[in-house]
**Student:** 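There's a structure below that I have some questions on.
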Amino acid sequence: MVELSIRKRQRKNGTVYEYRFEIATVDGKRKWETKCGFKTKADALKAGNAALSHYEKMNTKQYIALLLINNILIFKRCNNRLDKI
């Protein structure tokens, strides 16, 4: 069973909350799903439970592939913005 953890983070502009849970071990290194920036602990818990249930429904390899695709798309979008500057 995967355990969801919620913690408080101090930022320059105030306090935010994040969720975190372990998704897989690849090459002996732990991989984590984490997201930060929630205004309340309840918001972080709600989003964390949704992400955790989505992860548990999917195969681990499929989930890691989905995360990699999302990261590539975000990277390309950021590079396109930098090219316009």
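The model shown is predicted, which means the values in this text are computed figures rather than measured ones.
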**Student:** Show the nearest heavy-atom pair for residues Ala51 and Tyr19, with the distance to one decimal.
**Tutor:** CB-OH, 3.6 Å

**Student:** I need the Tyr17 OH to Arg7 CZ distance, nearest 0.5 Å.
**Tutor:** 13.0 Å

**Student:** Rounded at 0.5 Å granularity, tell me how far CZ in Arg20 sits from SG in Cys36.
**Tutor:** 11.5 Å

**Student:** Tell me whether Val16 shares a hydrophobic cluster with Phe38, the cluster being built from Ile, Leu, Val, Met, Phe, Trp, Tyr side chains joined at under 4.5 Å.
**Tutor:** no

**Student:** Please say yes or no: joined through hydrophobic side-chain contacts below 4.5 Å, possibly via intermediate residues, are Phe21 and Leu68 part of one cluster?
**Tutor:** yes

**Student:** Look at the side chain of Thr15 and the backbone N and O of Lys8, then say whether any donor-acceptor pair between them is shorter than 3.5 Å.
**Tutor:** no

**Student:** Got a second to check how far Glu18's CD is from Lys41's NZ, nearest 0.5 Å?
**Tutor:** 12.5 Å

**Student:** Out of curiosity, Leu52 CG to Leu4 CG, how far, rounded to the nearest 0.5 Å?
**Tutor:** 6.0 Å

**Student:** Measure the CD-CG distance between Glu56 and Asn49 for me, rounded to the nearest 0.5 Å.
**Tutor:** 9.5 Å

**Student:** Give the minimum heavy-atom separation between Trp32 and Ile23, together with the two atoms involved.
**Tutor:** N-CG1, 4.2 Å

